[in-house]
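Everything on this sheet refers to the single structure shown next.
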Amino acid sequence: MSLLAISEQALNGLIISTLYALTALGLSIIFGVLRIVNFAHGEIYMLGGYVYFCAASILGLPPLVAVLSAAAVLMAAGAVIERGLIRPVHQGKVDRPDEYAIMITFALSVFLLNLANSVFGPWPQRPAPLFRGRIEIGELIVSGDRLAAAGAGILLIVATVLVLRYTWMGKAVRAISQDRGAAEIFGVDVSRYSMLAFGIGTALAAAAGALIGPVFNVTPVMGVIPVIKAYIIVVLGGLGSIPGAIVGALILGQVESFATVLIPDTSRALAYKDAYGLVVLVLILLFRPQGLFGKRERRA
Amino acid sequence: MSTLFGHRAFLPCIALLAAFAALPVLGLPDYWIYTTTIGFYYAILTASWSLLVGFVGRISFAQTAMAGLGAYSAVLLSQHLGLSILGGMIAGVVIAALVGLAIGWLTLRLHGAYLGLTTIAFAEILRITITAEHGVTKGSLGLQAPALIPDGTRSDYYYLFLAVTVACLLAMALLLRSRVGLFFQAIREDEDGAASLGVRVTLWKTLAFAISSAFAGLAGGLYAHFIQLITPSMMSLQEMGFVLAMAVIGGFHNILFAALGGVGLQFLLEVLREMGEWRLVVFGAVAIVMLRFAPNGVFGLLASVFPSKRNKS
């Protein structure tokens, strides 16, 4: 492989990692506040792609507005999901809440995937690009929509981190993720912020799906692989840890690109591409279940 | 918690078995016999998954992967080692059980979402490996398997699958009615409490995975030699989601209810064929509503309408 090919590969990897990080950040916020893993996160990401497709290609809205509408629509959907399906976990209305939360979000993912399959069909849809044209960096040529997607992704990550760090809302969210009971005593409306956190988490996944939609086409199964990457990332970084999610994304990107280079048989290396991260996931869960940045937690 | 074959449930069970045995004799068309036979495959899968999740409280998303492992092992081993079809299937069950044992042992310390994620990872690694190694497995084109019953009619397979399903359900019911069943439920309710009372938590948690996987492997091996073409899509997470929906809708806290959910939904899927993919949407929605409002499933609801006929949960 030439240097040019390698740097092209690396840049593409970096661009995709940004969007994985965005998806993972959403997963991490949801876990931090609600202590559940949303197994339907990939389908929220996929629906983000479809809302973008409807807004940009069918209604003809400008791409930026279409991305924002994808985030807004799925934020509302996330709030409804939290209200209707997740809240009973925290109100003691279900037997064995951990098991219930896992099973209901997994069932939700089956429902949403088949819903998209029924409404839009299994074939890929190509939404209007975010940004036309190509950008040349020396000899390196990158398509504009990839770069725009990554740029918007970084912007969203930075904005989310700033909101979590400096606003009252962000502080409330972080307080709940540290100690639900104590936050409530200090006057944080826990159930309102749980709904909000779930909504923000789904909005971030939806934005990632909307940004990547024009690059790779939109299909009902588009969320399956990215969400598995997001699981790996949050487990790598420690579930619920925000810096962990970002560092985890960078580590996963490197693991995947290096593992692909290390196997001499290229077609085989590509076929196993999605398995490397999974092996990393299994190893981390077995040897350091709390992740790199996570606090030790025996039950979740 | 009601298990199968409490003495009050004995008569309904016999009636149910008689009804299933009578279906082909009563002139059920070949196509529906075929559909119901596939339903029995799902019945074994949903029952074995419920054994693990509903009774031991160990979440696994690797059940269809175990069925796939059983299927691929059965076909490949009989191809390469010259085993008979039956020998291959037994080998498939053993391999599924051993891999289940390994997963159960490796994930002993993990709970809830962490356990779910690890089993998803195992299932996907297995599926990716089988898809990638097309030199051995023919990848996504699928692997051909010889027929289990040469010149067998549809109803031959139907009765064979019915017999194996009943045998599997009986075995699971006996296991759950023995002391082991109590150990399982004690682990599900309170692991530390169970350990302090002398239940060997580590042993039973590991074995539960192996037992559940062995049944899935058996279902997979049977399925392979019935369908005669297996593809990695039988191990996809989508398929796992489908098994989950079947078990939840039937009622995953009861082995028989879960199994009935498997056969029933497979049958309904074919009846509702003109709805297209919408029927899967409906099943997903029903599964969500059941989980939220009626965790004992459709048959659990029915049983509570006729409380004198079945054990109350």
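No experiment lies behind these values; they were computed from the predicted model shown. Quick note on labels: first sequence line is chain A, next is B, and so on, each numbered from 1. Atom set for the values below is all heavy atoms of this structure, side chains included, hydrogens, waters and symmetry mates excluded.
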Take A/F39 and B/I120, measure what side-chain contact (heavy atoms from CB on, under 4.5 Å) needs, and give me the verdict at the end.
CA-CA 11 Å; A/F39 283 91; B/I120 283 185; 3.7 Å; yes
Can you give the donor-acceptor pairs under 3.5 Å from side chains of residues 271-280 of chain A to other protein atoms, not counting sequence neighbours?
from	atom 1	to	atom 2	distance (Å)
A/Y272	OH	B/E133	OE2	2.6
A/D274	OD1	A/K229	NZ	2.8
A/Y276	OH	A/A269	O	2.9

Which heavy-atom pair separates [X] from [Y] by the least distance, and what is that distance?
X: A/N117; Y: B/E277; answer: ND2-OE1, 4.1 Å
X: B/R292; Y: A/G84; answer: NE-O, 3.3 Å
X: B/M240; Y: A/F106; answer: C-CE2, 4.2 Å
X: B/G112; Y: A/I102; answer: C-CD1, 3.2 Å
X: A/L285; Y: B/L117; answer: CD1-CB, 4.2 Å
X: B/G241; Y: A/V110; answer: CA-CG2, 3.5 Å

Heavy-atom cut-off 4.5 Å, strictly under: side chain, backbone, both or neither for [X] against chain A?
X: B/F61; result: side chain
X: B/E124; result: both
X: B/I59; result: side chain
X: B/T129; result: both

If you count heavy-atom pairs within less than 4.5 Å of chain A, which of B/G116, B/A287, B/A132 leads?
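Option with the greatest count: B/A132.
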Name the member of B/L237, B/T118, B/V286, B/I125 that forms the most heavy-atom pairs with chain A at distances under 4.5 Å.
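Looking at each option in turn, the highest pair count goes to B/I125.
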With sequence neighbours left out, what residues match A/E43 under side-chain hydrogen bond (donor to acceptor under 3.5 Å, both in side chains)?
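Expected list: none.
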Qualifying residues under side-chain hydrogen bond (donor to acceptor under 3.5 Å, both in side chains), relative to A/D179, sequence neighbours excluded
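Checked A/D179 against side-chain hydrogen bond (donor to acceptor under 3.5 Å, both in side chains); zero matches.
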Is any side-chain heavy atom of B/V282 less than 4.5 Å from a side-chain heavy atom of A/N114?
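With C-beta onward as the side chain, the pair stays apart.
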Answer yes or no: is there a side-chain heavy-atom contact under 4.5 Å between A/L113 and B/Q238?
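A side-chain contact under 4.5 Å exists here.
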Is any residue of residues 243-251 of chain B within less than 4.5 Å of chain A by heavy atoms, and which ones?
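Those residues of residues 243-251 of chain B which have a heavy atom under 4.5 Å from chain A are B/L244, B/V248.
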Less than 4.5 Å to any heavy atom of chain B: does that hold for the side chain of [X], its backbone, both, or neither?
X: A/L108; result: both
X: A/L281; result: side chain
X: A/L115; result: both

Aromatic rings A/F31 and B/Y114: how do their planes relate, parallel, tilted or perpendicular, breaks at 30° and 60°?
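Ring orientation of A/F31 relative to B/Y114: perpendicular.
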Hey, what do you get for CG (B/N296) to CG (A/D95), rounding to the nearest 0.5 Å?
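If we round to the nearest 0.5 Å, B/N296:CG and A/D95:CG are 8.5 Å apart.
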